[in-house]
Asker: 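Structure below; questions to follow.
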Amino acid sequence: MGLPKRVELVEVSPRDGLQNETQTVPTPIKIEFINQLADTGLRVIEVTGFVSPKWIPQLADGREVFQGITQKPGVRYPVLVPNTKGLENALACGVKEIAVFTTPSEQFSQKNTNCSVAESLERIAEVMKVAKTRQLRVRAYLSCVLGCPYEGEILPEKVAALATQLVTMGCDEISLGDTIGIGTPVKTAQLLETVCRQVPPQQLAVHFHDTYGQALANIYVALEHGIAVIDCSVAGLGGCPYAKGATGNVATEDVVYMLNGMGIETGVDLKKLISVGRFISQQLNRQPQSKVNLAFRK
Ligand code: HMG
Ligand code: MG
């Protein structure tokens, strides 16, 4: 299969990035950050999570953030929801697109959402009932698809079965998450071959955390499999507090640099992106975790 000519980047830093910070970023800074991201040419920005503030206090200001941003025409602003309560809160803010999440790992499901995988699917089914009557676009994340910090190996067949089930339930897109970044290219290829037998690559996205520096190599494999939606996070922010070893997502700057070099369009202005990566890193008092961002330092 040829490589895609254009890739859609899903910027997850305001949610996946900021949920994992020990410090809570002030609401006006989050709003400024998201507005700056939209000005780089990014077309999909995951704004926040309407999850329990007891579980993720860093995102307790989801409503203020969502209502505070300036929505740019042509940009989509999805939010993460774990249950109908999250969906109700999201709808009350005027959200038009959501992301739900589950995992093939029983133990990770318990740690992350306090329920079994079957129960998480029941919650998603409840969310889907409302989402579809409201014509919301729904993405579903599958976490720990290349291995789990608690259960170890996860069989590709298990991932494929769950992905198929989510599509049958009406999810528009499935984002395959390597939550702890342990995947390597051959394993990624085996997973994608298995999943693509049941779900077309047009309905798949990939979500790599870069814990072991494998994300770009794995993304290349995904592109070879016809997957053209890639999740990423400026300055390499990211991680899941309930997955031991989950550090930052692949940095958006690094993905854009690689795709530019391959002649694959993203619509994103790399220079602007670098300056947004520096802005948020400064707020967090650290260097961007993006090799490309650091390389462009004068
Ligand atoms: P629970 O404690 O079992 O829930 O949490 P509960 O239904 O028993 O409710 C407990 C309290 O939370 C109640 O309040 C509810 O009203 C409230 P109280 O009566 O005690 O005052 N509550 C809520 N409040 C606000 N918004 C809500 C909500 N739901 C309940 N939506 C629950 C279950 C699922 C809510 C919790 O476990 C949770 O929020 N988990 C989310 C954890 C999370 O956000 N993890 C990170 C995101 S996933 C990720 O990072 C992976 C990803 O990036 C892909 C990858 O890398 O693989 C997506
Ligand atoms: Mg993640």
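Owing to the predicted nature of the structure, the values given are computational and were not obtained by experimental measurement. Ligands are counted one by one from 1 in listed order, and the atoms in each one are counted from 1 as well.
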Asker: Please write down residue, atom name and distance for the protein heavy atom closest to atom 33 (C) of ligand 1.
Answerer: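 Nearest protein contact, heavy atoms only, for atom 33 (C) of ligand 1 is Thr113 O, 3.7 Å.
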Asker: Which residue supplies the protein heavy atom nearest to atom 11 (C) of ligand 1, what is that atom called, and how far is it?
Answerer: Lys54 NZ, 4.2 Å
Asker: Quick one: look up the protein heavy atom nearest atom 42 (C) of ligand 1 and list residue, atom name and how far away it is.
Answerer: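 The closest one turns out to be Asn112 O, 3.1 Å.
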Asker: Can you tell me the protein heavy atom closest to atom 3 (O) of ligand 1 and the distance?
Answerer: Asn114 ND2, 2.7 Å
Asker: Look at the N, O or S atoms of His209, main chain and side chain alike, and state whether any lies under 2.8 Å from the Mg ion (ligand 2).
Answerer: yes
Asker: Which is it for Thr103 and Ser109 under the side-chain hydrogen bond (donor to acceptor under 3.5 Å, both in side chains) test, yes or no, and what are the steps along the way?
Answerer: CA-CA 6 Å; Thr103 170; Ser109 182; over 6 Å; no
Asker: Inspect the contact between Asp172 and Arg139 and indicate whether a charged nitrogen and a carboxylate oxygen are less than 4.0 angstrom apart.
Answerer: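 Looking at Asp172 together with Arg139, the answer is no, because their closest N to O distance does not fall below 4.0 Å.
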Asker: Kindly indicate whether a cation-pi arrangement holds for Arg15 with Tyr141, taking the cut-offs as under 6.0 Å to the six-membered ring centre and within 45° of the axis.
Answerer: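 Ring-cation test returns yes.
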Asker: Counting non-hydrogen protein atoms only, what is the nearest one to atom 46 (C) of ligand 1? Give residue, atom name and distance.
Answerer: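 Residue, atom and distance for the closest contact: Gln19 OE1, 3.4 Å.
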Asker: Is a salt bridge present between Glu126 and Arg123, judged by a nitrogen-to-oxygen distance below 4.0 Å?
Answerer: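 Arg123 and Glu126: not salt-bridged.
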Asker: Note the single closest protein heavy atom to atom 23 (C) of ligand 1, along with its residue, its atom name and the distance in Å.
Answerer: Lys85 CD, 3.6 Å
Asker: With the Mg ion (ligand 2) as the point of reference, which N/O/S atom of Asp16 is the closest?
Answerer: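 When I compare the N, O and S atoms of Asp16, OD2 is nearest to the Mg ion (ligand 2).
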Asker: Return yes when at least one N/O/S atom of Asp231 is nearer than 2.8 Å to the Mg ion (ligand 2), and no when none is.
Answerer: no
Asker: Checking salt bridge (charged side-chain N to carboxylate O under 4.0 Å, His left out) between Arg76 and each of Glu46, Glu11, Glu97, which is the one that passes?
Answerer: Glu97
Asker: Enumerate the atoms of ligand 1 whose separation from the nearest heavy atom of Ile56 is less than 4.0 angstrom.
Answerer: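 Every atom of ligand 1 under 4.0 Å from some heavy atom of Ile56: 43 (C), 44 (O), 45 (N).
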Asker: Would you kindly check if the NZ (Lys) or CZ (Arg) of Lys111 is within the cone defined by 45 degrees around the ring axis of Tyr150 and under 6.0 Å from the six-membered ring centre?
Answerer: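 Yes.
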Asker: Name the residue from Leu270, Thr252, Val276 that meets the side-chain contact (heavy atoms from CB on, under 4.5 Å) definition with Thr40.
Answerer: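 Looking at Leu270, Thr252, Val276, the match for Thr40 under the side-chain contact (heavy atoms from CB on, under 4.5 Å) is Val276.
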Asker: Distance to 0.1 Å, residue and atom name: give those for the protein heavy atom nearest to atom 30 (C) of ligand 1.
Answerer: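 Scanning the protein heavy atoms, the shortest distance from atom 30 (C) of ligand 1 goes to Asn83 ND2, 3.7 Å.
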Asker: Looking only at protein heavy atoms, identify the closest one to atom 39 (O) of ligand 1 and say how far it is in Å.
Answerer: Ser52 N, 2.9 Å
